[in-house]
Amino acid sequence: MNYLDSLNKEQKIAVSHIDGPCLVVAGAGSGKTKVLTTRIAHLISSGIYSGNILAITFTNKAAKEMKERISKIVQNDYAFVGTFHSFGLRIIKENYLELGLNKNFTIIDSDDVLSIVKKAMKDLGYDPKVVAPAYIRSRISFIKNEMLSDAEITRYFVSEMEKIAMNVYFEYQKVLQKNKVVDFDDLLKLPVELFINHPDILEHYQDKYQYILVDEYQDTNEVQYKLIKLLSKKYRNIFVVGDQNQAIYGFRQANYKNILNFEKDYPDAEVIVLNQNYRSTTTILNAANSVIKNNVEKKEVNLYSDLGEGVKVKYLRSNDGVQETNIIVNEIKDLLEMGYQKKDIAIFYRTNAQSRVYEEAMLKNNFPYKVVGSFYFYKRKEIKDLISYLKLIVNHDDDISLKRVINEPKRGIGAKTIENLENYANANNTSIYEEIAKGKELEFKNMIDDLTKEAESLSLTELIDKVLITTGMKEALEKEQTFESERRLEVLMEFRSITENYQNVTGSVNLSDFLDEISLVADITEHENMEDAITLMTFHSAKGLEFKVVFMVGMEEGLMPHINSLNTENGIEEERRLCYVGITRAKERLYITNAKRRMLYGREMVNPPSRFINEIESKYLESNEVVSEAPKKINHDLLYNTTENTEEFRPGDVVNHLTFGRGVIVGIDERFVTVAFAKNYGIKKMLKNYKGLRKEKRR
């Protein structure tokens, strides 16, 4: 049991907790992953059968790290350590009949979802220029994550746009059921429905997973909350770790109140607070504490560190965005001269649109850099085409995959032919594949039949080679002879290497399992293999990471906090938590920068400094010599205009917004106005008395 010796007092109490509910409030950098992994090892060492342990995380990376750490302490044969979605997939695969699915059902991605939405909108006569398909897709995701019944959807979706979303949702569900496919949200929704409708199946899993651990509990949404509550109800050995101060995913329907309400759900829960930080200097932590204390809804976690006081936080205010970028570049040059490596440095910004100027600055100064989240390997067209072929080999009823590749590469099968086949399939309640009986379509079907037979005897890598040659994908790219076609071929070869690695690790050649695996893989960045590079990312992407040096840029009202948060309930509190997350990523040095004016979204913005700078006690801040202006107290109730907005708005009024530009009021109630802006911004809802919104004067 010497693994307990490396723990502090609070960590040891948490790890040693065996039975009953337990909440571990784990502050940033306090070793929560260490607590989770060591507790799993401790349960196994204490005689708990590993197959009775379920550990749920939010990312594949976190799950992999936990598995590796556990294996260094104890042999783990059967404990499930994985993401919510991978666990949900396991439940569905073990109970596919009860859920009305085929054994070889497939999982569609977000692009496939959007394609189905667009087709459903077209069939129902809805104009995508009036209601954006992306909006419909987000509403469908909301319905599933909130577990809304058909009756609840009908009751709550009352506006014109919501009614359209409702109608498309019902049509969308018919398509999924007909094709025997599931979307990513179904991986959580279907297990919950299964447990509610089949108490015997629920009890089976309750008996199987008697000890449940959940990471990042503050990020759980309604469906995840219900899943865990159902599973833990019988034995109540529920152990959750999280920090409400790091709840930053409200836009994904995450409900931070789940962690605040844990003690109401389990009145006998043991609560343990981890507030010793092993990452940052005392000054950085004090800056973080002084910001987050301004939130009303929070768990008290006053972080402290034994790593020394460290240097003050540097506050750099510039005249414009160009000067801000130049100052950052000069600071980076100084840091490199001091001995820091480029991989030690990260630049955080609030929106992806801000990355461009920093990318340009990195290029001009020959700084290697990587933009996290900028490149999605599995989103590339050639990869999606190849995966669609593989899905069709596994599941001939998958019309979505079939429609994607039946004429890819070009085979002379036109859109009209595909539409006719789809109409026949709908009329006969069959798949498109079954309706194919002649012409070039039949050649395609015969090709898939042949590949399906060969898949039974080929390895994954051999099958990939066969598909690329037989379908003509490889030949078409080789004939093109362009830089882009060469790049696409390289990407396909990279996918081929993934199958080789998969076989080496798993020893398995099961195509269906492989497709399940890659459906759950997190996004891969283009520059992942670049060892020494400056990292650019949004604040949201920074969650869970750490860097010796962090630049928090664009710290201005309207950017951070973001302008959208000013008009939403608890919006500022979530932005403050986002700021707190950013600060606590820094280990040794933290820079906060902003500008009096900057160009963004094609227009000049003039915003005062972020309120969050003002909340940091001045004794922790150092102002750069280039900029004499220190952060001042700002009356944030008077932002954007010095007089209160008392204008009377009516539907149809043309208005101007400081950020979103010109728009038309399409809805109004006692407190809010709903405005339709240009397609770049879409529909926005904001308070009537919001001072950045003005009615356009008629000429």
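In this chain, numbering begins with 1 at the start of the sequence shown. The analysis underlying the following values was restricted to heavy atoms, covering all of them including side chains, and did not include hydrogens, waters or symmetry mates.
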**Asked** So which pairs with a foot in residues 192-205 pass salt bridge (charged side-chain N to carboxylate O under 4.0 Å, His left out), sequence neighbours left out?
**Response** K189-E193, E203-K234
Measure from the side-chain N and O atoms of [X] to the backbone N and O of [Y], and report whether any donor-acceptor pair falls under 3.5 Å.
| X | Y | answer |
| --- | --- | --- |
| K466 | A455 | no |
| S457 | E454 | yes |
| N510 | S512 | yes |
| N258 | T220 | yes |
| E475 | G472 | no |
| N237 | Q210 | yes |
| Q173 | Y169 | no |
| K370 | L536 | no |
| D186 | D183 | yes |
| N52 | Y209 | no |

Side-chain donor/acceptor pairs under 3.5 Å, residues 130-139, sequence neighbours excluded:
residue	atom	partner	partner atom	Å
R137	NH1	S110	O	3.2
S138	OG	Y135	O	2.7

Looking at residues at least two apart in the chain, or sitting in another chain, which of them share a side-chain contact (heavy atoms from CB on, under 4.5 Å) with [X]?
| X | answer |
| --- | --- |
| K416 | E419, N420 |
| E422 | K119, K403, N426, I432 |
| R411 | Y389, N407, P409, I413, F444, M447, T471 |

**Asked** Is R69 paired with E65 through a side-chain N to carboxylate O contact shorter than 4.0 Å?
**Response** yes
**Request:** For the pair K381 and D385, find out whether any cationic side-chain nitrogen is under 4.0 Å from an anionic carboxylate oxygen.
**Result:** yes
**Asked** Can the ring centres of Y96 and F105 be said to be less than 6.0 Å apart?
**Response** no
**Prompt:** Ring centroid separation for F58 and Y249, is it under 6.0 angstrom?
**Reply:** no
Answer yes if the side chains of [X] and [Y] hold a donor-acceptor pair under 3.5 Å, and no otherwise.
| X | Y | answer |
| --- | --- | --- |
| Q218 | E216 | yes |
| Y205 | N95 | yes |
| D207 | Y235 | yes |
| S50 | D77 | no |

For residues 223-231, tabulate all N or O donor-acceptor pairs below 3.5 Å that involve a side-chain atom, not counting sequence neighbours.
residue	atom	partner	partner atom	Å
Q224	OE1	N221	N	2.9
Y225	OH	K229	NZ	3.3
Y225	OH	D265	OD1	3.3
Y225	OH	D265	OD2	2.7

**Prompt:** Would you call the rings of F495 and F514 parallel, tilted or perpendicular if under 30° counts as parallel and over 60° as perpendicular?
**Reply:** perpendicular
**Any side-chain heavy-atom pair of D397 and N102 under 4.5 Å** = yes
